[in-house]
Amino acid sequence: MSVRLLHHLVAAQAETRPEATALVMADQRMTYGALEAMSNRLARLLRAQGCREGDRVCLLLPKSLHALTAIQAVLKAGCVYVPMDPASPALRAARIVESCRPRVILITAATGRLMEEIAAESPAARAARIGLIGPQSWPGVHFEAAEALGLPESAPDVRRGPEDAAHILFTSGSTGLPKGVVITHANALSFVEWGVDYFGIGKADRLSGHPPLHFDLSTFDMFGSFRAGAELHLVAPELNLLPNKLAEFIRSSALTQWFSVPSVMSLMAKAGVIRDGDFPSLKRVLWCGEVLPTSSLIHWMRRLPHVRFTNLYGPTEATIASSYYTVPACPSDERAAIPIGRPCGGEDLLVLDEEMRPTPPGEVGDLYIAGVGLSPGYWQDPEKTRGVFLPHPFSPGRVYKTGDLARLGEDGLIHFVGRADSQIKSRGYRIELGEIEAALDALGILKEAAVVAVQSGGFDGATICCAYVPAEDHDLNPKDLRKALSRHLPAYMLPTRWAAYRMLPKNANGKIDRPRLKEDMSASPEKADA
Ligand code: AMP
């Protein structure tokens with residue numbers, strides 16, 4: 001069959017190799033044939049519940065075989081899946097639901113409580129149909145189960161094209177509202193085709209599924225695996241911060257590919273869980289999402305000389321990655337950063353100055369991306385879209401202004417330099433410090449607050465620090481503030497270093513002196529840590 005849309009990938013495998021294993025998680029396995037049949041049935045059920053082309057379906061589902069089946073089903077029903085973080089506080093999740101106004105929200109027993117809290121906050125959640133999906137009911141679905149009976153195991157007939165939206169990924173927004181990045185079938189498929197070919201992924205591969213489903217990296221694991229007809233081994237979220245268990249997972253699953261954010265690789269390096277010549281089946285390690293410290297890479301490469309290591313770079317807005325660099329040999333200097341390399345197939349990276357002219361090699365400029373991965377824009381936000389998706393300065397089409405600073409090396413490789421704004425990465429999570437400040441402001445108990453990030457020596461990359469001035473009639477301590485904030489923000493966004501001020505320092509223009517706050521926070525961390 002011809003593959004034009006993401007869900008055609010499983011259908012094509014099911015046609016020729018229905019008995020091959022598609023998904024593995026703990027002691028559960030699912031074949032391509034079963035995945036195809038179950039997702040078809042669920043797709044029909046979604047249609048029977050009123051889902052029509054382009055409708056959004058939110059997935060409030062922990063990573064599981066069911067969640068991946070649901071993703072297939074939503075696409076087959078002609079709809080757009082919106083993966084949500086089951087660990088998110090209800091208030092933030094409610095904003096996402098309000099923004100995308102789903103026809104259906106799929107939940108499991110484990111997320112039922114969160115769903116109730118979201119519904120209390122969001123009229124759009126109350127208007128959506130709720131489908132309970134879970135092991136106790138599979139292969140039927142509690143989702144109006146009676147109507148599921150008798151539904152055929154063939155895909156419903158829907159009209160979707162490659163330029164139609166496949167999913168919306170919500171990422172931190174600097175004004176306090178999460179931003180929805182719309183990803184089309186063509187955006188994701190283009191990278192998948194390039195990646196499967198470049199990495200040589202085939203039927204005999206066993207790939208890791210480490211990132212959560214609301215991270216765009218997970219789409220390469222998933223659709224790359226389906227494209228190749230490989231096995232996808234989903235890593236249970238509870239193993240995330242247990243380096244020993246992660247190493248054991250790679251060993252016992254005999255993985256051939258590991259793909260994660262760098263902080264997870266650093267965590268494993270720091271914990272010393274990789275033995276010399278470990279993971280004999282492993283062929284390649286890929287990372288994306290933030291800088292991998294060269295010292296961590298050296299640690300991995302020294303122990304695993306049989307493995308090929310590739311740095312992938314790219315923002316969600318240019319899914320999945322836009323450039324790559326396969327490290328030719330174990331670096332000798334741990335202070336030399338690893339380049340982000342060259343554009344992936346169909347992509348282009350431009351380093352431009354303020355007038356949108358190319359910067360000479362060696363000089364730092366703004367990094368722009370053009371090409372097949374570029375999202376059509378932010379969900380129902382033309383203004384934000386126009387702000388960063390700009391006309392291409394030299395050819396037809398658009399470029400995306402990443403907010404990253406980079407330089408082109410004499411060697412033709414692109415080197416990542418840092419951010420031009422206050423977006424940070426912590427444990428691989430993309431965080432706008434402005435979103436944290438907006439949430440602090442909304443608490444209504446502070447006169448002033450500012451959030452800065454300082455580099456930590458730990459695996460998480462950056463430490464989020466909050467400087468605050470309590471409102472006059474409030475007697476506050478960091479513990480209370482953290483608790484109040486945790487109702488609005490996920491745990492990974494909560495500041496871990498706090499300092500109370502009588503007045504925040506200001507610069508000559510009267511603006512908050514953030515460099516000074518950073519110095520303060522770096523100078524006396526132990527006093528302020530909460
Ligand atoms: P996200 O949308 O979560 O993928 O975050 C995108 C941002 O992560 C980019 O704009 C960069 O700032 C950063 N990033 C992604 N990949 C890399 C990489 N390989 N090296 C350095 N920074 C990266």
Side-chain angles (χ1 to χ4, degrees), residues 83 85 167-174 178-183 187-188 191 195 210-221 259-266 285-294 296-297 309-327 336-344 347 349-351 364-370 373-375 377-379 384 388-389 399-407 409 413-433 435 453 455 460-462 490 492-493:
D85 179 3
H167 48 283
I168 304 176
L169 298 177
F170 278 83
T171 180
S172 182
S174 56
K179 286 187 294 208
V181 183
V182 177
I183 307 292
N187 290 150
F191 181 82
H210 181 274
L213 300 175
H214 55 280
F215 267 34
D216 76 337
L217 305 195
S218 67
T219 55
F220 182 50
D221 294 332
F259 183 25
S260 73
V261 290
S263 49
V264 175
M265 289 173 64
S266 290
V285 169
L286 285 42
W287 69 93
C288 184
E290 58 190 323
V291 174
L292 173 66
T294 307
S296 297
L297 178 64
F309 289 83
T310 303
N311 182 14
L312 290 167
Y313 158 86
T316 308
E317 285 85 343
T319 219
I320 299 169
S322 309
S323 75
Y324 69 104
Y325 178 73
T326 294
V327 186
I338 307 301
I340 55 172
R342 297 179 194 284
C344 304
E347 310 278 348
L349 265 64
L350 299 91
V351 184
V364 176
D366 291 307
L367 185 56
Y368 292 79
I369 301 173
L374 241 59
S375 151
Y378 299 111
W379 170 248
K384 261 202 189 96
V388 285
F389 290 90
V399 286
Y400 168 65
K401 185 172 188 182
T402 62
D404 290 325
L405 299 172
R407 69 185 160 74
L413 299 171
I414 308 228
H415 298 253
F416 176 84
V417 173
R419 287 291 302 174
D421 58 15
S422 62
Q423 178 183 302
I424 62 152
K425 282 292 176 104
S426 177
R427 276 188 272 150
Y429 290 99
R430 169 169 158 179
I431 302 170
E432 294 284 356
L433 297 182
E435 180 168 355
Q455 277 316 303
D460 46 0
Y492 61 82
M493 280 198 193

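Ligands are counted one by one from 1 in listed order, and the atoms in each one are counted from 1 as well.
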| query | Can you name the nearest heavy-atom pair linking Cys344 to Ala321, along with the distance? | reply | SG-O, 3.9 Å
| field | Heavy-atom closest pair, residues Pro315 and Ile369 | value | CD-CD1, 3.4 Å
| said: Can you list everything that forms a ring pair (Phe, Tyr, Trp, His ring centres under 6.0 Å) with Phe191? Sequence neighbours excluded, please. | reply: Trp194, Phe220
| request: Hey, can you tell me if Tyr429 and Phe215 have their rings parallel, tilted or perpendicular (30° and 60° cut-offs)? | output: perpendicular
| Within the protein, residues bringing a heavy atom under 4.0 Å of ligand 1, chain by chain | Gly289, Glu290, Val291, Asn311, Leu312, Tyr313, Gly314, Pro315, Thr316, Ile340, Asp404, Phe416, Arg419, Gln423, Lys425, Arg430
| task | Decide, yes or no, whether a salt bridge links Glu290 with Arg419 under the criterion of side-chain N to carboxylate O below 4.0 Å. | result | no
| field | Stepwise side chain to side chain donor-acceptor pair (under 3.5 Å) test for Thr319 and Asn187 | value | CA-CA 6 Å; Thr319 219; Asn187 290 150; over 6 Å; no
